[in-house]
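Proteins get letters first, then strands, A, B, ... in listed order; numbering begins at 1 in each. Just so we're clear, the structure is a prediction, and the values are computed from it rather than from any experiment.
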Amino acid sequence: VFPLRAAVCLALAACSAAPPPPPALPPPPVVTAAPATASPPPVAVEPPPPPAAVLSERPLTPVPLPPKTPAITAVGGRDDGEVWLFADGGDEVIPLRWDGAHVAKVPGGGCPKRTTYERVLFLGDVPVAVGPYADFDEAGTMITRRTGRTWACEVGPVRQILAFGPALLRYSPGYELVYGSERQPMPARGEASYELRAIAARAPHDVWLYAQSRGDVVHGNGVGWESRPPGVAAALALEVDSAGGAWLLGGDDAKQEGHALLRWDPGARAWQRLPVPDDLRAGALRVGGRRDDVWLIGKAHFHHLVGGVFHRFVNPLAELRAAWVAPSGELWIAGAATATRPAAGAVYRVPTEKNP
Amino acid sequence: VKRVLAALFLAACGAPPPPAPPLPAPPPPPAREPALEIGKDALTVRDASGQVLWRASHDRYQKVLVAQGRVLIARSGRVALRDLASGAERGSVSLDGDALVRETVAPEVGFRVPLRLYPAAAGRTAERALAVGADGTILVGASDGSLLAFDPGGAPRFQTGVRGAVRSIEARPDGTFAVETRAGDVVVGPEGVRAEAPPRGAPSLAFRVQPNLLQEPPVDRLEVASTLYVARDDVWALTGDWAHRRVYHHDGKAWREVPAPGLHPLDRRCWLAGTPERERRCNALPVGQDEVQADRLARTPEGKILLLATRRYPMRAAPAWVSVELAVFEYAGSAFRERAELRKALDKTRVEMGGHGGLFPLYAAAPGGKEVLCLNGECLARGLPPAFRSRQGAAVADPAGPRGWVHFSTEGNDAFQPIGLTFGGQALFRLDETGISRDGVVVDPDAACGGYSDLWASGDEVWAVCAGRQQNEESQLTRGSGKAFTHVPTPVPDAYQLGGTGPDDVWIAGQSSAHFDGRAFTALSGVSGAIVVVGREEAWIGRWHVSRDPAPQPDLAGAPAPLPAPAPESRALALGSVDPRVRLEPASLGIFPGALGLAQGPDGQVWIHDTRRIAVVAGDSARLVHSVSSGGPLRCQRCLAPAADGKGLALTPAEDRVVSLVPLAAPGAPPLTRAPDLLALARSPSGAVWIVGAAEGDAAPRALVHTAAGLRLVRGLPLAAYADVAPWTDDDVWLAGGLSSFHDGVRAWPEGEGLLVHFDGRAFTRHRAPDGALLAVVAVGPGEAWAVGRGGGLLHVKAGTAEAFHLEGEGGKALRVALRAVAASGPDDVWIAGDGSTLLRWDGKSLRRVDARAAGPDAAFTALIVPSAAPGWLAGPSGLWRLRPAP
């Protein structure tokens, strides 16, 4: 047997010799074998040569923490004058608050231990910390809200959680998406959809789900879902911007830092791959409020793309656990100052380029 | 990419695909063709004299066909070809991801052809099946119901669709294909589908479905664990979850709680604490702090009301375990009191178990003081033969029947597995995992069931339901008498419960339910729950009172549509320049930041709805007319059919996937009907309201018509999932949808091949939509309609002729966005809206964009009302806009 398969290059070869007509049959309708599917094609545009990153000379500003503050695991704020931080004290979680000038510990409130808060959200004015909760025989997500001067805790199934307006958007991969108490449409259930474990959203009706392990990305508009494959092997992180687009950090493997930056162009309905510096390696990204304002956060460096220029910063943290972009455009990074245990917490404010 | 490949393919060939190279001529046939013998593990070919020409290995998973001098050996998505006479291998036809591949030997030419799917919800992965027919036709099916036929050279022959996912395809010697789909078996010939899968069950409106007392407060908001119906003014309900059980009684006027002071939950802090906190807390409980959990209501032959409960003690040595025994409470005038004198006897029923798993008491009684009470295989009985005191356990049906008792035993820990039947205390038949046996001999192995879920008997008549022998397997219904058993096809695929008053009045229930009148079943889609028989042909099923309609409206029957030929490929419809005559202006209606549906009544009044509220637009505000308080969001997008004077009909969510048709402006009025996955309704000029749905089950209504006389079922239309309906008149109605159905967690959607059905008052005509399911339709004149749908597909039908289009954007690139709404003021003024902020206008000659940048670049538009003298409306989840003339 001589397999021709790909070598024959499809049916082009079939054109070379006109075979006799097929057996007598009713005249078939003319169809193509493969009309396009609903999904836009992956990006095939080759990026131009990579730009070099400018090593920023702007200093990082350390944020003074109370003595003996352990490693910070979550940071987020409502504005530059109200930033909440959560420190992992082993047997206890320590909430801290930045008031624009100082960071002070805030009395905790009896929430079960063994929670590592990863995200700080706001329901209106109310700060909400969210993170995985694990006990010996159960696991879930802890949602802790600041109610007056105390904290209210709620343990639920393992979920990704975002906040919009007065309600939470809760996503259980492959199972349900709920805004407030109202279920939202879900993608079709299947092997692929269960891998869509991460979520980003601009609103409850403008939601992105992506598979960090395999590069699948889908978008929901409140009515239906559309596959938007970015053409990367791993979709490590995705965040939306205010212009209707989305930024995606892609890589070769979910276990390694990524090196590809793509932006969803809503007008063209396609991903555009941006040229990036050769040394870009990042595991997370954060989007700022300006046009094309993206932070790419890696273990060794982080890069800030703004005004079409990449600025590179050296990561001062031994262990980077959380990052947040303030309305002023500053990036807050938080984690551990030392790799040894118990780790001391550290927080830095990374300045942004003004009027690039 | 596929489209580009297809275009390359066509461009390279310069014309329609070349006629296919046929399989090379087989060697000159001998006087008599060699004969193929298919053995258990070998294929053997002999010549006319019987001499073996060649042999090949074979197994039972291979399907073998001899055609045109070739042997086609099919297995697992690959068909291997051999010369019949020589046995020489001639390559194969196979599937490789999303491509069809022909491998062969020179001088034949192989090919690789990309395969399409219909546009579907993201997240779906395709599974495909393949067969090569007797004439060389290659047929590929997929889980989206698509069928693609190619000639032997790989040139496309036709594309079409069938209902349900294609599971397998087998080529038959007569040149046809047997296609097994999720909906049933389909016959496909070289020209297309010849016969579709027959329906499994038929919808009916023979029964009235009204809310029962369980929908009255406060029970309407409580979980109901057990119901006991004595009379219309004497109904009992045990409510709440396992930790908060309460008993309510309805005296014909209202529910009132009946105290049961002996019931109390275990210290929940113990159970709900995490490990190791749980151990510490549970161990700290004082001895004797037990939980008494009510499980079931029952009535003795003397009319006493019993509350059967389980008393659960935590086991100090193993806190995750409890010791459980029966407890019996009896209603004593004003409250339930425990029958303390039975505690010593009930101590025999004690079992130990982990956690709070389901252990339910079983009880039955008959006149003459006969009673039997069991827990997990431990039974107490009085007035009965010794068999009922067996450690095998028991439950009883038809205690008052003429033949006495039916007794099913439990062996092991599962209370319903298996069943042994005894009449009058003597074993007659036994149903279990080996089948039906008599005197220890299996007489019907086909009835084998590892888990009979319910049993019902009346006199000699015995029914048993096996709730699926394997996962995803349909329930099996076995009906018998004292002499024989038969298997009854059930219209409720997941049936698990039975009830009735006699052989001609039997109810079965699962996710839907049905009634058997002694001759046939009548399906009751959208009605599910526990069966409580309250009279002849009258039952409570869940929270619904079901009774035969004494004066049902006759069905509106149309002659079924003949099967249409496969649709030709759609034509590209290029988008012209932006229409400068219209602009989009954000609108604000206070409580509606966005909306899903819009409808205009005959008086011009505009109605609007989002996921929770229905309102009438009045100037710059909206007057609320209906709120959805329970049952899930209002997501159907065509939920409203306004009439004059603020009245109208709406589709509102009930529970699960069931939707109710309700009259608005009639507070408290019961729903006119309820059925799964009803999606759209529209008023015809006569005032009749047409309603369509996209349910998966064949027994669910697909179309209904409501007039002043009542509700009629539309019968005879193609089985499909309908998303929209547009009546020009009552004898000129359009129904649009797809052949399959998909549920996204909040509503159903049509999927697969699209179809547009026309009803002329007497017969249905069906048109295929080649670009996928249709989501919306508008009638633009007599016998003329536009339908739009997934994948940027459009279908225009005029005077019986259909023409399919797909959108073509800039650079000739297909614009595959979902089109979700279409409206028109006439044949030359058709407006289309959809995803990606798509808003288009057809003026009779060209299709132009309307500038929708005001909505952002990626909005979904779900409803629109065309501008007339007044500005138009456009709605979607992210906003609400007016369509005004541009200055």
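Both the backbone and the side chain of B/Ser878 come within contact range of chain A, each with at least one heavy atom under 4.5 Å from a heavy atom of that chain. If you measure heavy-atom distances from A/Gln184 to chain B, the contacts under 4.5 Å come from both the backbone and the side chain. Interface remark: A/Ala211 contributes no atoms to any contact with chain B (heavy atom separation under 4.5 Å). In this structure, no portion of B/Arg853 lies under 4.5 Å from any heavy atom of chain A. Contact of B/Gln637 with chain A is made through the side chain alone, with heavy-atom distances under 4.5 Å.
Taking every heavy atom of both residues into account, B/Val746 and A/Arg183 meet most closely at CG1-O, 3.2 Å. Scanning both residues, A/Gly244 and B/Pro857, for their nearest heavy atoms gives CA-CG, 4.4 Å.
For the set A/Gly220, A/Ala243, A/Ser193, A/Pro266, the entry with the most heavy-atom pairs within less than 4.5 Å of chain B is A/Pro266. Contact count against chain A (heavy-atom pairs under 4.5 Å) is highest for B/Arg635 among B/His743, B/Arg635, B/Arg747.
Looking at residues two or more places apart in sequence or on another chain, you find a side chain to side chain contact (heavy atoms under 4.5 Å, CB included) between B/Ala860 and A/Asn221, A/Val223, B/Asp835, B/Pro877. Remark: B/Ala122 engages A/Val218, A/Trp225, A/Ser227 in a side chain to side chain contact (heavy atoms under 4.5 Å, CB included) (not counting sequence neighbours).
Look at A/Arg228 and B/Asp858 and you find a salt bridge, because one of the NZ, NE, NH1 or NH2 atoms lies within 4.0 Å of a carboxylate O, short of that distance.
Within 6.0 Å of the CZ atom in A/Phe122, the count of heavy atoms belonging to other residues, nucleotides or ligands exceeds 12.
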